[in-house]
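Just so you know, residue 1 is the first one in the sequence shown, and it goes up from there.
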Amino acid sequence: ANTAGRISPINSSNITKIVVSEGITHIGQFAFHCLSGYVDVQLPSTLKTIGSYAFSPLTISELYLPKGLETIQEHAFTNVWYVEIPASVTSIGNEAFDEDTNLYFAGSREEWDNISQSEYSHVFFNQSIPTIDVAGFGETVVDYGYVGKNGNIWALTQSGILKIRGSGDIVYTKYASSAAHHMPWRGLIENILGVFVEEGITCVPDYAFSGCSNLTQVTLPDGVTVIGKGAFGNCISLTTIHIPSSVTELRDSAFSGCSSLEEVELPIGLKTSGNKDFKNCTILTIKNGIIPDGTETIGDNAFGGSGINS
């Protein structure tokens, strides 16, 4: 058969890569729609058509569409960050990609205008996806990629340190309810021993490091203002965390379930601490027992089940 049709419902939580075999010419509508989360996708050189909603709602960092592809139907991809589109494509359906996807088209603007049915804010003509330079990360890198659509990058080093470089907020999915599955490093969480976020990043996104059970050290730069919902949830080996003074908001469950976390110093600029932020941090204490004077909101059950009694 030369068609990949809709697949049967399966447990998608462990699937991090999709390889479509050579010889396949058509990927049918809704083909992988029952899956979710972040995946790497490898497509065959024989592919001619990608059906509607075929890879929706999967998160894909970099997608290299094969030369010879002709048709991309509507809503085929709903959360891809960087895409290379060959000049062989003759039809791109309505909202085949998100409006803010970075699209690198091998043809001209005139050719693009003839094939695309939707407007996109980031289309680059006669260009390829920029190569990521990992030389500056300081040691051997075992895996790396983009995180989000605004050029931020990540790299996991041989020593188990996940480094993030770039600027501004990191937004890597619009599916907030399942954001943990959309992390580009979700297949590597057992290998992450430390996190180092470089200066320039302003937000640790929701569920960014949730469930990194071997994580023991975290370095966040001054300039981070928000630590997202569940960002470090259930990091059971984390014993200490320095929250920069620039942080003004801890969203719900930011550190919940960090059962080895011993002490935290709440930043002087903190305005809002969400619900269950430190819930079930069973041995936790607040340094000097101080909640900053400027803190306006402490959420429900913020310290429930923690080592803080009052």
Side-chain angles (χ1 to χ4, degrees), residues 13 36-38 162 164 169-183 185-186 188-190 192-197 201-221 224-310:
S13 61
S36 65
Y38 180 90
L162 181 70
I164 299 177
D169 291 355
I170 297 173
V171 180
Y172 51 78
T173 180
K174 58 186 178 182
Y175 303 106
S177 63
S178 59
H181 295 302
H182 294 267
M183 300 181 297
W185 47 81
R186 77 177 184 120
L188 301 166
I189 60 173
E190 296 299 321
I192 298 173
L193 307 180
V195 168
F196 185 91
V197 180
I201 300 296
T202 56
C203 176
V204 180
D206 293 351
Y207 302 102
F209 309 105
S210 174
C212 290
S213 58
N214 295 317
L215 178 64
T216 60
Q217 55 180 303
V218 174
T219 301
L220 302 177
V224 169
T225 59
V226 175
I227 296 179
K229 183 177 181 179
F232 295 95
N234 296 310
C235 293
I236 59 175
S237 298
L238 187 64
T239 59
T240 184
I241 179 74
H242 170 69
I243 302 175
S245 59
S246 54
V247 170
T248 60
E249 181 183 4
L250 300 177
R251 293 180 179 161
D252 293 352
S253 304
F255 295 94
S256 76
C258 292
S259 54
S260 297
L261 190 60
E262 298 175 358
E263 184 180 71
V264 64
E265 182 175 5
L266 298 178
I268 194 169
L270 185 67
K271 298 294 184 183
T272 302
S273 179
N275 300 329
K276 303 178 183 179
D277 266 343
F278 297 95
K279 184 179 180 181
N280 294 331
C281 296
T282 53
I283 60 174
L284 178 69
T285 60
I286 296 179
K287 188 174 182 179
N288 301 321
I290 295 174
I291 293 177
D293 289 340
T295 302
E296 299 170 356
T297 302
I298 300 291
D300 293 343
N301 213 11
F303 297 96
S306 74
I308 298 171
N309 296 318
S310 64

Roughly how far apart are [X] [atom1] and [Y] [atom2], rounded to 0.5 Å?
X      : Y      : atom1 : atom2 : value
Lys287 : Thr240 : NZ    : OG1   : 9.0 Å
Ile189 : Cys235 : CD1   : SG    : 9.0 Å
Ile170 : Cys203 : CD1   : SG    : 7.5 Å
Ile298 : Ile291 : CD1   : CD1   : 4.5 Å

Test side-chain contact (heavy atoms from CB on, under 4.5 Å) on Cys281 and Cys258 and set out the steps. CA-CA 5 Å; Cys281 296; Cys258 292; 4.0 Å; yes
Applying side-chain contact (heavy atoms from CB on, under 4.5 Å), run through Leu220 and Ile227 and close with a yes or a no. CA-CA 10 Å; Leu220 302 177; Ile227 296 179; 3.9 Å; yes
Which atom names give the shortest non-hydrogen contact between Pro221 and Pro244, and what distance separates them? O-CG, 3.4 Å
Taking all atoms of both residues into account, what is the closest heavy-atom pair of Ala302 and Gly274, and its distance? CB-O, 3.9 Å
Please examine the side chains of Val195 and Val204, heavy atoms only from C-beta on, and report whether any two atoms are closer than 4.5 Å. no
Whether the Ser256 and Asn280 side chains hold a donor-acceptor pair (N or O, under 3.5 Å, no angle test) is what I'd like checked. no
What pairs of residues pass the ring pair (Phe, Tyr, Trp, His ring centres under 6.0 Å) test when at least one of them lies in residues 242-268, not counting sequence neighbours? Phe232-Phe255, Phe255-Phe278
Looking only at the aromatic ring of each residue, does the gap between the centers of Trp185 and Tyr38 stay below 6.0 angstrom? no
Would a distance-only check, ignoring hydrogens and angles, find a side-chain to backbone donor-acceptor pair under 3.5 Å from Ser260 to Leu238? no
List, one per line, each side-chain donor-acceptor pair under 3.5 Å for residues 262-273, sequence neighbours excluded.
{"residue": "Ser273", "atom": "OG", "partner": "Asp277", "partner atom": "OD2", "Å": "2.7"}

Donor-acceptor contacts under 3.5 Å from residues 211-218 side chains, at least two apart:
{"residue": "Ser213", "atom": "OG", "partner": "Glu190", "partner atom": "OE1", "Å": "3.4"}
{"residue": "Asn214", "atom": "ND2", "partner": "Glu190", "partner atom": "O", "Å": "2.9"}
{"residue": "Asn214", "atom": "ND2", "partner": "Glu190", "partner atom": "OE1", "Å": "3.4"}
{"residue": "Thr216", "atom": "OG1", "partner": "Leu193", "partner atom": "O", "Å": "3.3"}

How would you list all residue pairs meeting salt bridge (Lys or Arg N to Asp or Glu O under 4.0 Å) that involve residues 232-251, not counting sequence neighbours? Asp206-Arg251, Glu249-Arg251
Please name all residues satisfying side-chain hydrogen bond (donor to acceptor under 3.5 Å, both in side chains) with Thr295, sequence neighbours left out, ordered by chain then number. none
Does Asn275 have any side-chain contact (heavy atoms from CB on, under 4.5 Å) partners at least two apart in sequence or in another chain, and if so, which? Asp252, Asp300
